[in-house]
Amino acid sequence: QVQLGESGGGLVQTGGSLRLSCAASGRTFSTYAMGWFRQAPGKEREFVAGISMSGGATNYEDSVKGRFTISRDNAKNTVYLQMNSLKPEDTAVYYCNAIIASWNPKPRLDSWGQGTQVTVSS
């Protein structure tokens, strides 16, 4: 079973950037498509971005297209989310999880990490 740990969140001003990391345990990381999700206060968790096992295919939620970039380094068992041009509405706790495919963001793991808080001030 893959275990996940997110990091890299923080407080930034509108227009700023952050790079989130998700480190995974286990030797099967490269066999999973991976996704980033977020949950804002009072809202349900939502899909943000997904990446295929090889990293060759990506998929984004419409509101982050052109601003966020998902990538992965299978040698380091890590998936990243580069977030640019941040907006207050991006404020949320960000989580990663294995997903069915980059185009099918259904989470595969029942257990989620602790997430990392991203706060964008206006």
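This is a predicted model, so every value here is computed, not measured.
No more than 12 heavy atoms of other residues, nucleotides or ligands shown are found within 6.0 angstrom of CD on E44. Counting non-hydrogen atoms of other residues, nucleotides and ligands closer than 6.0 Å to CD of Q3 gives a total of 12 or fewer.
Listed by chain and number, the hydrophobic cluster partners of Y95 are F37, F47, V93, I99, W112, where partners are ILVMFWY side chains within reach of under 4.5 Å, directly or through others.
A donor-acceptor pair under 3.5 Å links the side-chain atoms of T91 to the main chain of V120, judged by distance alone. Looking only at distances, a side-chain donor or acceptor of T14 sits under 3.5 Å from a matching main-chain atom of S121. E6 contributes a side-chain N or O that, together with a main-chain N or O of C96, makes up a donor-acceptor pair within less than 3.5 Å. Counting only distance, with no hydrogens or angles, the side chain of W36 and the backbone of N97 share no donor-acceptor pair below 3.5 Å. For Q39 (side chain) and K43 (main-chain N/O), a donor-acceptor pair under 3.5 Å exists by modelled atom type. Side-chain atoms of T78 come within 3.5 Å of backbone N or O of K76 as a donor-acceptor pair. In this structure a side-chain-to-backbone donor-acceptor pair under 3.5 Å is present from S52 to G55. Remark: side-chain polar atoms of S102 are not paired, donor with acceptor, to backbone N or O of I51 under 3.5 angstrom.
R72 has its side chain out of reach of I70: every pair of non-hydrogen atoms, C-beta onward, lies at least 4.5 Å apart.
For R19 and Y80, the positive end sits near the middle of the six-membered ring, less than 6.0 Å away and at most 45° from its axis. Stacking of R45 on the aromatic ring of Y94 is not recorded, the 6.0 Å distance cut-off and the 45° axial limit not both being met.
A chain of hydrophobic side-chain contacts below 4.5 Å, direct or via other Ile, Leu, Val, Met, Phe, Trp or Tyr residues, connects V118 to L81.
S63 contributes atom OG, which lies 7.0 Å from atom CZ of F68 (distance to the nearest 0.5 angstrom).
Partners of R38 by salt bridge (Lys or Arg N to Asp or Glu O under 4.0 Å), not counting sequence neighbours, listed by chain and number: E46, D90.
Pairs passing the salt bridge (charged side-chain N to carboxylate O under 4.0 Å, His left out) check and including a residue from residues 98-112, sequence neighbours excluded, do not occur.
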